[in-house]
> 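Would you mind keeping the following structure in view while I ask a few things?
Numbers restart at 1 for each chain; the letters A, B, ... are given by sequence-line order, proteins then strands. Excluded from the calculations below are hydrogen atoms, water molecules and symmetry mates; all remaining heavy atoms, backbone and side chain alike, are included.
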There are 2 protein chains.
Amino acid sequence: MTTELPGNGGFGDPAFLPNTQQGIRRRNLSLVLQAITAHGPLSRAAVASRIGLTRAAVSTLVDELIRADLLIELGPERPGTVGRPGSALTVGERGPVGIGAEIGVDHLAVCAVDLHGKVRARASLESDNRGRPPEPVLKELARLVREVTTASRSAGLRPAGLAVAVPGLVARDSHTVVRAPNLGWSELDLGPYLLDGLPLSVDNEANLGALAELWIGGDPAPQDFVHVSAEIGIGAAVVVGGRLLRGTHGFAGELGHMPVRPEGPACPCGGRGCLEQYAGEEAVLRAAGLPYGEGGIGLLAARAENGDAQVRRALRAAGSALGIALSGAVNLLDPQTVVLGGALSRLAPWLLPSLERELARRTADPARPKGGTVTVSRLGSEGPLLGAAHSVVRAVLDDPASVAGAQR
Amino acid sequence: MTTELPGNGGFGDPAFLPNTQQGIRRRNLSLVLQAITAHGPLSRAAVASRIGLTRAAVSTLVDELIRADLLIELGPERPGTVGRPGSALTVGERGPVGIGAEIGVDHLAVCAVDLHGKVRARASLESDNRGRPPEPVLKELARLVREVTTASRSAGLRPAGLAVAVPGLVARDSHTVVRAPNLGWSELDLGPYLLDGLPLSVDNEANLGALAELWIGGDPAPQDFVHVSAEIGIGAAVVVGGRLLRGTHGFAGELGHMPVRPEGPACPCGGRGCLEQYAGEEAVLRAAGLPYGEGGIGLLAARAENGDAQVRRALRAAGSALGIALSGAVNLLDPQTVVLGGALSRLAPWLLPSLERELARRTADPARPKGGTVTVSRLGSEGPLLGAAHSVVRAVLDDPASVAGAQR
DNA sequence: CTATTTCGTCATGCCGATTGACAAATTAGT
DNA sequence: ACTAATTTGTCAATCGGCATGACGAAATAG
């Protein structure tokens with residue numbers, strides 16, 4: 001009983017399967033399941049034509065998935081066309097769920113998400129975790145996890161893994177938080193607290209927020225985008241071709257230190273005029289004339305909603321700076337869209353106009369019809385939690401055989 | 001009958017093969033061939049353990065590849081260890097070659113590269129192609145191509161495809177040059193001139209230069225890097241996980257319009273203070289006190305080599321600007337390395353110090369041990385040509401069955 | 001009511017990888 | 001020198017898994 005999810009390290013990487021016959025089988029199981037989760041209820045014939053296999057082959061694959069409680073048969077489709085109607089297949093109500101957990105600076109949250117992508121159970125707790133020692137926090141989180149898993153189990157669901165979103169840097173393919181400045185944690189292995197039988201994975205919350213956007217963010221979900229959030233500093237996550245770009249050392253997405261004005265104020269990073277000096281939480285609060293302390297972003301949003309002119313001015317300036325920095329990213333990556341997520345989505349109404357103006361101006365290449373569009377995440381601050389739970393679901397979709405073997 | 005996996009076609013993207021038995025076979029042929037080209041001569045057993053198949057399976061695959069003239073048997077390996085020595089396999093001397101062609105502003109070049117990566121034939125022609133009508137240029141190029149293909153054929157080699165590097169924007173999966181400002185071409189289909197039996201592909205020269213770096217640029221070749229060249233404007237190509245990032249509209253890599261000083265001089269792109277205003281060919285020549293005309297970069301290099309102080313100063317300033325822009329890219333992407341390629345490699349001695357200083361200063365995050373390193377391409381201005389030829393070779397490596405079927 | 005179309009399943013066959021055994025070729029040990 | 005051990009490459013037999021083609025079932029079209 002290994003503690004890692006089957007086949008590989010991080011949740012993001014699809015398992016490497018050798019080109020052997022069993023490998024083919026596993027990949028085909030995954031293709032069938034993914035086609036059905038992605039494109040609603042489908043008949044066997046529809047799946048077959050979609051993934052390029054024959055109906056007979058799909059039939060055996062579907063049988064296997066049904067036996068594993070991953071699919072259920074809805075019965076005959078409503079016939080709109082000639083021919084015998086197919087039998088609609090969809091993912092079952094009772095089957096595996098992914099457990100997602102989030103350690104925020106002022107709250108803990110856990111949820112269970114099924115293969116449909118629906119939240120089936122959740123629990124959360126307000127608690128100021130800044131500078132608090134890790135032990136009690138993690139014990140509380142473990143309690144919430146148990147709450148959600150038992151609730152799931154009694155609803156006939158089978159937790160398939162636990163993924164934790166952390167506001168900090170996480171060592172690749174490990175359970176270790178390297179550094180979480182807002183919590184004051186460093187070099188902390190979460191395994192001992194959270195490993196109770198479930199495969200565990202830990203990842204940065206900005207990354208998971210971006211993945212949530214990729215998996216459930218839109219219809220259709222964008223496959224190439226830059227996701228900007230502002231949980232710790234200003235984090236961006238880059239998704240290319242439906243895959244999260246993590247970088248060689250795992251540091252990709254440091255939008256906060258993009259140069260905005262090369263001779264601007266010095267930044268602790270060693271550079272000058274980094275974006276964080278203009279659009280970072282501290283800088284914006286100072287420009288808005290507000291104290292730097294807890295709940296800064298919420299305070300900004302509240303004041304802006306009330307029409308505070310100085311706050312709105314500060315947000316406009318921050319939007320401009322963001323636009324300048326993002327224009328660099330857009331010119332370099334040519335993404336489908338830029339997504340404002342996390343806490344930024346609340347501030348979007350005041351950031352967007354200046355941001356979009358600056359971005360449009362600087363990406364209007366004569367050859368490029370139009371610069372990237374900017375969208376605001378529907379998920380808001382729920383992104384990281386949902387992304388965590390979904391990362392477990394994706395692992396199941398990527399290799400259904402693994403959970404099918406685990407059960408009966 | 002449509003498959004939903006990402007459609008493709010260009011040489012760069014490995015062909016999508018369905019998870020059917022023939023698909024497996026083709027993938028396994030590719031795995032065997034790639035293992036052998038990548039890791040020197042190998043025995044069947046070594047290949048088997050490397051790609052996760054059994055020796056028996058590899059034997060049949062190797063037989064097929066030998067019959068197709070893609071592999072040859074070198075005979076028994078020198079035994080350094082216990083056990084029967086294996087029989088070394090390597091790619092054959094006579095087999096398929098990729099034909100690469102380059103349309104530069106002042107020259108045409110064609111070469112043939114075998115599966116080893118060795119150049120087996122080449123031809124080139126100096127000619128000032130700026131503003132020249134396409135017909136005569138392409139007729140000359142076609143002549144060079146015929147020269148190289150006949151030379152290859154008489155050496156027992158089999159041309160497997162033609163790839164053309166063009167200094168301009170190319171429509172995806174087509175033979176059409178959308179816009180090549182330095183040549184004065186636009187909306188031009190190269191197919192009619194160059195299609196004489198060989199599969200044809202056309203791509204941007206900066207992209208092909210970056211791919212050359214990926215495929216033959218180093219030992220080991222980096223898999224995640226930003227490749228900067230300066231053929232048209234300042235082009236960067238981003239390679240992530242061994243794949244070229246092309247962007248949603250094919251515009252990725254526009255480093256030239258990264259903001260360096262947001263209030264700087266206006267740029268034709270509509271922005272202000274873009275990198276091109278500081279490190280573009282025209283700007284550098286002006287700062288160096290040289291006329292803007294043909295051979296600008298060569299002139300700069302010659303003067304700098306002779307110790308011209310004003311030129312060197314101009315290059316130092318350009319290096320700083322490049323460093324600022326690249327620090328943004330490095331912060332965002334966390335690449336293994338930044339590669340200076342194309343004509344920039346000649347200027348590297350004078351660009352590098354200021355570039356590296358600026359880059360190091362702005363990427364020294366407390367958490368990041370060190371910023372990205374900067375390297376200079378070994379390939380220099382040969383990159384695009386070699387990359388073009390190699391793109392054909394890669395297509396063969398990615399699907400050996402395609403050429404194996406073609407011959408017999 | 002019949003012809004047509006499409007769906008799901010079944011028996012059969014084939015392709016290709018695995019298994020297990022074997023001879024061959026080398027090293028290590030006595 | 002001789003044996004034991006190890007590794008390679010190949011062969012025959014087997015098995016897993018998809019394709020093929022035919023069939024009954026369930027709908028529509030006329």
Side-chain angles (χ1 to χ4, degrees), chain A residues 17-32 35-36 41-67 71-90 400-401 404-405, chain B residues 1 3 17-32 35-36 41-67 71-90 400-401 404-405:
Chain A
L17 297 174
N19 272 339
T20 171
Q21 304 183 143
Q22 299 116 26
I24 302 314
R25 185 70 175 175
R26 288 169 71 173
R27 261 195 292 271
N28 282 340
L29 284 170
S30 170
L31 281 178
V32 170
I36 291 173
L42 290 177
S43 67
R44 291 167 176 79
V47 171
S49 78
R50 200 177 267 278
I51 66 178
L53 296 180
T54 59
R55 287 174 314 190
V58 170
S59 265
T60 71
L61 291 162
V62 165
D63 286 349
E64 196 168 332
L65 291 171
I66 287 178
R67 274 198 305 278
L71 288 182
I72 55 173
E73 197 133 17
L74 288 180
E77 295 177 316
R78 229 172 286 311
T81 166
V82 63
R84 168 180 167 180
S87 178
L89 298 164
T90 188
Chain B
M1 175 96 330
T3 51
L17 298 174
N19 271 341
T20 170
Q21 306 184 144
Q22 299 116 28
I24 301 316
R25 186 69 176 176
R26 289 169 70 173
R27 261 196 292 271
N28 281 340
L29 285 171
S30 169
L31 282 179
V32 169
I36 290 173
L42 290 177
S43 68
R44 290 166 176 80
V47 171
S49 76
R50 196 176 273 277
I51 66 179
L53 296 180
T54 59
R55 294 186 316 238
V58 170
S59 265
T60 71
L61 292 162
V62 165
D63 286 350
E64 198 167 332
L65 291 172
I66 288 179
R67 274 198 305 278
L71 287 182
I72 54 174
E73 198 134 17
L74 288 181
E77 294 176 319
R78 230 171 284 309
T81 166
V82 62
R84 167 179 168 179
S87 179
L89 299 162
T90 188

> Should B/Thr81 be listed as having a side-chain N or O under 4.0 Å from OP1 or OP2 of C/dT27?
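Negative; the distance criterion is not met.
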> Expressed as a whole number of angstroms, how long is the span from B/Arg84:CZ to D/dT10:P?
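Atom CZ in B/Arg84 sits about 7 Å away from atom P in D/dT10.
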> Does B/Ser59 put a side-chain nitrogen or oxygen below 4.0 Å from OP1 or OP2 of D/dT10?
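True: B/Ser59 side-chain N/O within range (under 4.0 Å) of D/dT10 OP1/OP2.
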> Taking any heavy-atom pair under 4.0 Å as a contact, classify A/Arg55: base, sugar-phosphate, or nothing.
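Base, at least one base heavy atom under 4.0 Å.
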> Establish, with yes or no, whether the OP1 or OP2 oxygen of C/dA17 is under 4.0 angstrom from a side-chain nitrogen or oxygen of B/Asn28.
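Yes.
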> Going through the checks in order, is the side-chain contact (heavy atoms from CB on, under 4.5 Å) test met by A/Thr60 and A/Arg25?
CA-CA 10 Å; A/Thr60 71; A/Arg25 185 70 175 175; 3.3 Å; yes
> Looking only at N and O atoms, is any donor in the side chain of A/Gln21 or the base of C/dG16 less than 3.5 Å from an acceptor on the other one?
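Yes, a donor-acceptor pair under 3.5 Å.
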> Any Lys/Arg nitrogen of B/Glu64 or B/Arg26 sitting under 4.0 Å from an Asp/Glu carboxylate oxygen of the other?
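Looking at B/Glu64 and B/Arg26, the cut-off is not met.
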> Measuring from the side chain of B/Leu53 (C-beta onward, heavy atoms only), which nucleotide among D/dG9, C/dC7, C/dT18 has the closest atom?
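Shortest atom-to-atom distance from the side chain points to C/dT18.
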> Identify which nucleotide among C/dT5, D/dG9, D/dT6 has an atom closest to any side-chain atom of B/Ser87, counting heavy atoms from C-beta outward.
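Output: D/dG9.
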> Tell me: CG of A/Asp63 to P of C/dT9, nearest whole Å?
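Whole-Å distance recorded here is 6 Å.
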> Starting at atom CG of B/Leu61, determine the distance to atom P of C/dT18, rounded to an integer number of angstrom.
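One finds 10 Å between P of C/dT18 and CG of B/Leu61, rounded.
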> Measure from CZ on A/Arg26 to P on D/dC18 and round the result to the nearest Å.
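In whole Å, D/dC18 P and A/Arg26 CZ are 14 Å from each other.
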> Ignoring hydrogens, what is the shortest heavy-atom contact between B/Leu42 and B/Glu77? Give both atom names and the distance.
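Closest approach of B/Leu42 to B/Glu77, heavy atoms only: C-OE2, 4.2 Å.
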> I want to check one thing: is the phosphate of C/dA17, taken as OP1 and OP2, less than 4.0 Å away from some side-chain N or O of A/Thr20?
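Checking A/Thr20 against C/dA17: no side-chain N or O falls below 4.0 Å of OP1 or OP2.
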> I'd like to know if the side chain of B/Ser43 reaches the main chain of B/Ala46, judged simply by a donor and an acceptor atom lying under 3.5 Å from each other, with no hydrogens or angles considered.
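It does hold such a pair.
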> Let's see if you can work this out: which of C/dA17, D/dA19, D/dC18 has an atom nearest to the side-chain heavy atoms of A/Thr54?
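Of the options given, the side chain of A/Thr54 lies nearest D/dA19.
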> For a quick test of reading the model, state the closest non-hydrogen atom pair linking A/Ile36 to A/Thr90 and the distance between them.
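The answer is CG2-CA, 3.7 Å.
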> Grab the CG-P distance between B/Leu42 and D/dT8 for me, whole Å please.
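Going from B/Leu42 (CG) to D/dT8 (P), I get 12 Å.
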> For the pair made of CZ in A/Arg44 and C1' in C/dC7, what is the distance, rounded to whole Å?
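So the CZ-C1' distance, A/Arg44 to C/dC7, works out to 10 Å.
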> Can you work out whether A/Pro85 or A/Ala56 has the more 5'-proximal nearest nucleotide on DNA chain C?
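Per heavy-atom nearest nucleotide, the more 5' residue is A/Pro85.
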> Rounded to whole angstrom units, what separation is found between the CD atom of B/Gln22 and the C1' atom of D/dA19?
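My rounded result for the distance is 8 Å.
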> What is the distance, to the nearest angstrom, from the CZ atom on B/Arg25 to the P atom on C/dT18?
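After rounding, the gap between these two atoms is 11 Å.
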